[in-house]
Amino acid sequence: MKPIIPNNLLKYRSTLAALGLCATFQLITATVFASTAAWETIEQKQNPGEAWTLYSRPKSGSEFLEFRIEGGIDAPPAIVFEAVRESLTNKKYTPENEQRSIIKQTQDQLTLHIHINLPGPLSDRTMILQYDFTQDENGVYAVKWQQHHAKPSSKSQDTIEMLNASGEWTLEKTLSGKTFVSVVGHGDLGGSIPAWLINSLSGQSFVKGLQQIRQIAVQIKARDQKNRQAENDQLSHFLPVIK
């Protein structure tokens, strides 16, 4: 029998789901934490340009399920790579009821402090995540991150630090020049929020997260094309006078 989500928590569905995913794609389990259980297909969509497949499986040592989503994005990996970074650092993409503070930012690394506000009697959640942006010799882009635990003195009675948050995005170029995205995710919230509640919500947060990155990538792609066109127009204007 499927558990029923309490009515007083339904209005916080997206916030609670964000905890299971750390605000859309941020609680991603790295390969070193991978489970040996078989993946089960939960849901899939096959519309052109919007296709994705969502999976889940039990996670050893945790009550929270591990999720995976795969799909394509109509943009090259370099643009999707930039879209992931922008989703983390641009305030307009910060989920409601969440605050993010950039602790450190370089071309290859980003450290964020994230605080998620929850309705009482649930305690807020907090974490510090470090992201590493890389590209290997085969042109595969990756965004890997792990949690840095805060000192005990930085905690408050109304806030619980996440027990674990670590992970990876993988972005690979397809034969058509687009990007194949694969994301595997798991997070341990700590505290007393029922695992079944987060498990029932997190899958759709993966879907929404992929949709958001697609939208940002389309915007970046259009912006780059516009800038290139403007440069070409400017060059064309001066070519006739060049001898």
Side-chain angles (χ1 to χ4, degrees), residues 14-35 56-69 81 84-91 93-95 97-118 122-134 141-171 182-195 197-199 201-203 205-206 208-209 212-213:
S14 61
T15 303
L16 290 169
L19 279 171
L21 192 56
C22 186
T24 311
F25 282 129
Q26 293 180 30
L27 296 185
I28 309 298
T29 300
T31 304
V32 294
F33 299 114
S35 170
S56 73
R57 65 181 177 183
K59 172 67 176 173
S60 179
S62 175
E63 296 181 350
F64 297 97
L65 292 175
E66 188 172 30
F67 289 87
R68 184 177 96 219
I69 192 167
F81 194 57
V84 174
R85 183 191 297 273
E86 186 155 334
S87 73
L88 296 169
T89 58
N90 192 324
K91 289 185 180 297
Y93 299 119
T94 300
N97 303 322
E98 180 180 319
Q99 292 85 45
R100 297 177 185 173
S101 300
I102 297 176
I103 299 173
K104 176 184 178 181
Q105 183 175 13
T106 66
Q107 182 177 353
D108 301 323
Q109 196 173 88
L110 172 67
T111 305
L112 287 180
H113 175 265
I114 300 171
H115 184 101
I116 302 177
N117 302 311
L118 288 179
L122 302 177
S123 297
D124 292 353
R125 293 304 194 271
T126 186
M127 71 204 75
I128 296 175
L129 297 180
Q130 177 179 304
Y131 300 81
D132 293 300
F133 298 79
T134 63
Y141 290 81
V143 181
K144 301 180 181 180
W145 55 93
Q146 63 181 357
Q147 181 173 349
H148 286 193
H149 290 279
K151 297 179 181 179
S153 58
S154 65
K155 300 178 182 179
S156 74
Q157 290 183 330
D158 299 325
T159 302
I160 294 177
E161 184 183 20
M162 297 284 291
L163 293 184
N164 177 60
S166 58
E168 181 175 4
W169 278 76
T170 303
L171 313 173
S182 179
V183 186
V184 179
H186 175 268
D188 196 326
L189 309 179
S192 58
I193 297 178
L197 176 60
I198 303 303
N199 289 339
L201 299 173
S202 293
S205 288
F206 271 75
K208 291 178 181 178
Q212 183 186 67
I213 297 301

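Side chains are part of it too, since the values below use all heavy atoms of this structure and drop only hydrogens, waters and symmetry mates.
- Nearest heavy atoms, Leu118 versus Ile193: CD1-CD1, 3.9 Å.
- For the atom pair CD (Glu168) and OG1 (Thr134), the distance works out to 7.0 Å, reported to the nearest 0.5 Å.
- Ring orientation note: the planes of Phe64 and His186 are nearly perpendicular, at an angle over 60° on the 30°/60° scale.
- Taking every heavy atom of both residues into account, Gln105 and Ile102 meet most closely at OE1-CD1, 3.6 Å.
- With hydrogens and angles ignored, the 3.5 Å screen pairs a side-chain donor or acceptor of Asn199 with a backbone N or O of Glu63.
- Considering only residues two or more places apart in sequence or on other chains, Gln99 meets the side-chain contact (heavy atoms from CB on, under 4.5 Å) condition with His115, Asn117.
- A donor-acceptor contact shorter than 3.5 Å links the side chain of Arg100 to the backbone of Leu88.
- No donor-acceptor distance shorter than 3.5 angstrom exists from the side chain of Gln212 to the backbone of Ser87, with no hydrogens or angles considered.
- Here CD of Gln107 is found 12.0 Å from CD of Gln109. Values are rounded to the nearest 0.5 Å.
- Taking CD of Glu98 as the start and CD1 of Ile114 as the end, the distance is 5.5 Å to the nearest 0.5 Å.
- Going from atom NE2 of His148 over to atom CD of Gln130 covers 4.0 Å, rounded to the nearest 0.5 Å.
- Nearest heavy-atom pair across Gly185 and Phe206 is CA-CZ, 3.7 Å.
- In this pair, Phe81 and Phe133 present their aromatic rings perpendicular. The plane angle is above 60°, beyond the 30 to 60° band.
- Rounded to the nearest 0.5 Å, atoms CH2 (Trp145) and CH2 (Trp169) are 7.0 Å apart.
- No donor-acceptor pair under 3.5 Å is formed between the side chain of Asn90 and the backbone N or O of Glu86.
- With rounding to the nearest 0.5 angstrom, the OG atom of Ser123 is 4.0 Å from the CD1 atom of Ile160.
- Nearest approach of Gln147 to Leu163, heavy atoms of both residues: OE1-C, 4.0 Å.
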